[in-house]
2 protein chains.
Amino acid sequence: MSLQSLPGAVAKKEPVAEMRSAKISESAVRRLSLYLRLLQEADSLGQETISSEELADRAGTTAAQVRKDLSLFGSFGKRGLGYAVSELLQEIREILGLNRSWRVALVGAGKIGSALITYRNFRTRGFHIEAVFDTDPDKVGKRWGTQTILDDTEMGSVLAGKRIEIAVIAVPADAAQGVVDRVVASGVSAILNFAPVRLRVPKGVSLRNVDMVVEMEGLAFALTSTER
Amino acid sequence: MSLQSLPGAVAKKEPVAEMRSAKISESAVRRLSLYLRLLQEADSLGQETISSEELADRAGTTAAQVRKDLSLFGSFGKRGLGYAVSELLQEIREILGLNRSWRVALVGAGKIGSALITYRNFRTRGFHIEAVFDTDPDKVGKRWGTQTILDDTEMGSVLAGKRIEIAVIAVPADAAQGVVDRVVASGVSAILNFAPVRLRVPKGVSLRNVDMVVEMEGLAFALTSTER
DNA sequence: CTATCATTGTGAATGATTTCACAAGGTGTC
DNA sequence: GACACCTTGTGAAATCATTCACAATGATAG
């Protein structure tokens with residue numbers, strides 16, 4: 001039986017805006033993103049309701065953790081029944097800011113950039129790559145997916161002109177900080193960094209790092225420390 | 001003035017093996033990996049000593065955090081002076097298990113795999129990709145870097161034969177769990193997963209995930225929640 | 001309509017991580 | 001050799017995150 005039709009479910013939830021004052025931990029946000037993916041899978045299989053326990057099992061966490069995470073933003077479930085899949089899906093999309101599209105630029109047209117631009121999940125989640133930059137004259141002017149690679153020198157004006165919000169940095173480590181300074185100056189306020197370097201960003205700019213060497217070294221540590 | 005020559009520094013440290021009993025948090029290990037990179041940079045510039053404060057500044061953390069992280073494994077510094085760069089470097093390499101090479105296999109010869117195999121930092125850190133697998137008959141047999149792409153069906157025997165320790169999973173989400181089950185059965189006990197899916201591994205197998213969509217959604221959340 | 005069952009939402013308890021703060025140890029100067 | 005100065009290593013305190021446990025709520029069956 002469907003929960004969407006029950007009047008209580010929507011009326012009860014707290015306004016999301018009010019909840020934003022509290023500080024939400026990065027790990028909680030990561031889990032929400034994961035719940036979202038799991039809910040989309042459940043939804044596409046036609047599942048209508050899900051309990052915190054089932055969601056926790058699929059996410060590899062505990063039912064209490066799921067409920068706590070969701071309670072940071074409101075009350076979305078029904079006691080005795082669980083959560084309406086499609087409704088919770090929509091709530092999390094709203095919480096994460098995914099009910100709109102985001103304007104993204106890619107700086108660095110190398111192998112990592114190439115992997116990103118062909119990654120379907122990106123577009124389907126609302127992240128639209130609207131510009132690609134590189135310094136290499138052999139690459140500039142070439143078509144890359146739906147984009148033509150632009151010269152690095154045009155970066156400032158294009159980012160500002162297209163009002164790009166998120167920059168993906170996929171350049172060599174020694175060039176990364178310079179790129180960051182320039183994209184921030186052009187109004188970008190969120191950065192996903194693939195370069196193996198610690199970047200400095202001004203307050204108000206969000207930064208996430210993806211560092212494969214750090215992950216591999218974490219695995220090496222785990223293997224080393226369990227050895228006997 | 002160099003610290004290496006002073007007798008106290010080495011004699012004083014606790015044996016690493018003994019310290020391993022305590023549980024080390026994942027975030028502490030991440031920071032160690034970062035310190036290592038920063039120390040290598042300092043070392044290559046000829047810097048001989050570094051204080052916890054300077055290392056913390058470069059790593060974007062606090063001096064107390066640096067000292068606490070290091071104290072989990074021993075006493076490597078000299079009061080009043082700081083740490084000998086090349087010595088601390090070596091200690092961290094030992095802690096993380098990087099004084100040896102690791103046998104790595106790559107499963108999935110797509111764009112992400114391509115980015116990995118050409119990534120120099122990998123090899124220089126001791127991670128040697130010794131086999132590459134794919135299911136696509138058009139790819140099997142092609143040369144990829146120093147490796148020839150092998151057919152997926154050979155995976156089990158090759159992994160076991162080469163005693164591969166770490167597998168990098170770069171296949172589509174719906175194929176990932178099957179691959180994991182097979183690599184684990186072939187003796188692999190650490191996995192770096194790029195597929196956007198939650199994998200299940202038996203106890204004793206280490207797993208790290210790199211999930212670009214999760215990172216991007218984290219940025220979307222940050223942008224959304226700071227908006228007014 | 002009452003009893004039973006399932007599952008949420010949430011304070012309180014526990015556990016983990018980070019920060020504080022300072023004694024201890026070591027350098028350099030006069 | 002005494003004094004002034006730095007910086008580590010580390011208990012204790014503070015903060016942050018997770019887990020527990022249960023009252024509250026709603027569904028369902030008879």
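Just so you know, these numbers come straight off a predicted model, no measurement behind them. Proteins get letters first, then strands, A, B, ... in listed order; numbering begins at 1 in each.
Every residue meeting the salt bridge (charged side-chain N to carboxylate O under 4.0 Å, His left out) condition with B:R103, not counting sequence neighbours, appears here in chain and number order: B:E165. A:Q47 pairs by the side-chain hydrogen bond (donor to acceptor under 3.5 Å, both in side chains) definition with A:E54, A:R58, not counting sequence neighbours. Take A:R93 and apply the salt bridge (charged side-chain N to carboxylate O under 4.0 Å, His left out) test, not counting sequence neighbours, and it matches no residue. Not a single side-chain hydrogen bond (donor to acceptor under 3.5 Å, both in side chains) links B:S51 to another residue, sequence neighbours left out. Listed by chain and number, the residues in a side chain to side chain contact (heavy atoms under 4.5 Å, CB included) with A:K68 are A:S71 (sequence neighbours excluded).
Contact between the side-chain N/O atoms of A:R67 and the OP1/OP2 oxygens of C:dT8 is found at a separation under 4.0 Å. The shortest distance between the side-chain N/O atoms of A:S51 and the OP1/OP2 oxygens of C:dT7 is not below 4.0 Å. Between B:Y83 and C:dG26 there is no side-chain polar atom (N or O) within less than 4.0 angstrom of OP1 or OP2.
Panel note: side chain B:W102, backbone B:R125; no donor-acceptor pair is recorded below 3.5 Å. The backbone N or O of A:V29 sits nowhere less than 3.5 Å from a side-chain atom of A:S33 that would complete a donor-acceptor pair.
Between the CG atom of B:D57 and the P atom of D:dT7 there is a distance of 12 Å, given to the nearest Å. If you take CG of B:L70 and C1' of C:dT18, they are 15 Å apart, rounded to a whole angstrom. In this entry the distance linking CZ of B:R79 with C1' of D:dT7 reads 9 Å, nearest Å. The distance from atom NZ of A:K78 to atom C1' of D:dT28 is 16 Å, rounded to the nearest whole Å. Between the CD atom of A:E54 and the P atom of C:dT8 there is a distance of 11 Å, rounded to whole Å. For the pair A:E87 CD and C:dT8 C1', the computed distance is 14 Å after rounding to whole Å. Put simply, CG on B:L72 is 16 Å from P on D:dT8, counting in whole angstrom units. As a whole-Å value, the separation of B:L88 CG from D:dT8 P is 11 Å.
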Could you list the donor-acceptor pairs under 3.5 angstrom formed between side-chain atoms of residues 194-205 of chain B and any protein atom two or more places apart in sequence or on another chain?
unit_1 : atom_1 : unit_2 : atom_2 : d
B:R200 : NH2    : A:D57  : O      : 2.7

Would you tabulate the side-chain donor-acceptor contacts of residues 207-215 of chain A under 3.5 Å, counting partners in other chains and residues two or more places apart, or write 'none'?
unit_1 : atom_1 : unit_2 : atom_2 : d
A:R208 : NH1    : B:E215 : OE1    : 2.9
A:N209 : OD1    : A:N193 : ND2    : 2.9
A:D211 : OD1    : A:V213 : N      : 3.2
A:D211 : OD1    : A:V214 : N      : 3.2
A:D211 : OD1    : B:R37  : NH2    : 3.1
A:D211 : OD2    : B:R37  : NH1    : 2.7
A:D211 : OD2    : B:R37  : NH2    : 2.9
A:E215 : OE1    : B:R30  : NH2    : 3.0
A:E215 : OE1    : B:R208 : NH1    : 2.9
A:E215 : OE2    : B:R30  : NH2    : 2.7

Enumerate the protein-to-nucleotides 17-19 of chain D contacts in which both atoms are nitrogen or oxygen and the separation is below 3.5 Å.
unit_1 : atom_1 : unit_2 : atom_2 : d
D:dT18 : OP1    : A:R31  : NH1    : 3.1
D:dT18 : OP2    : A:R31  : NH2    : 2.9
D:dT18 : O5'    : A:Q65  : OE1    : 3.4
D:dT19 : OP2    : A:T62  : OG1    : 3.4

Tabulate atom names and distances for all N/O pairs under 3.5 angstrom spanning the protein and nucleotides 2-5 of chain C.
none

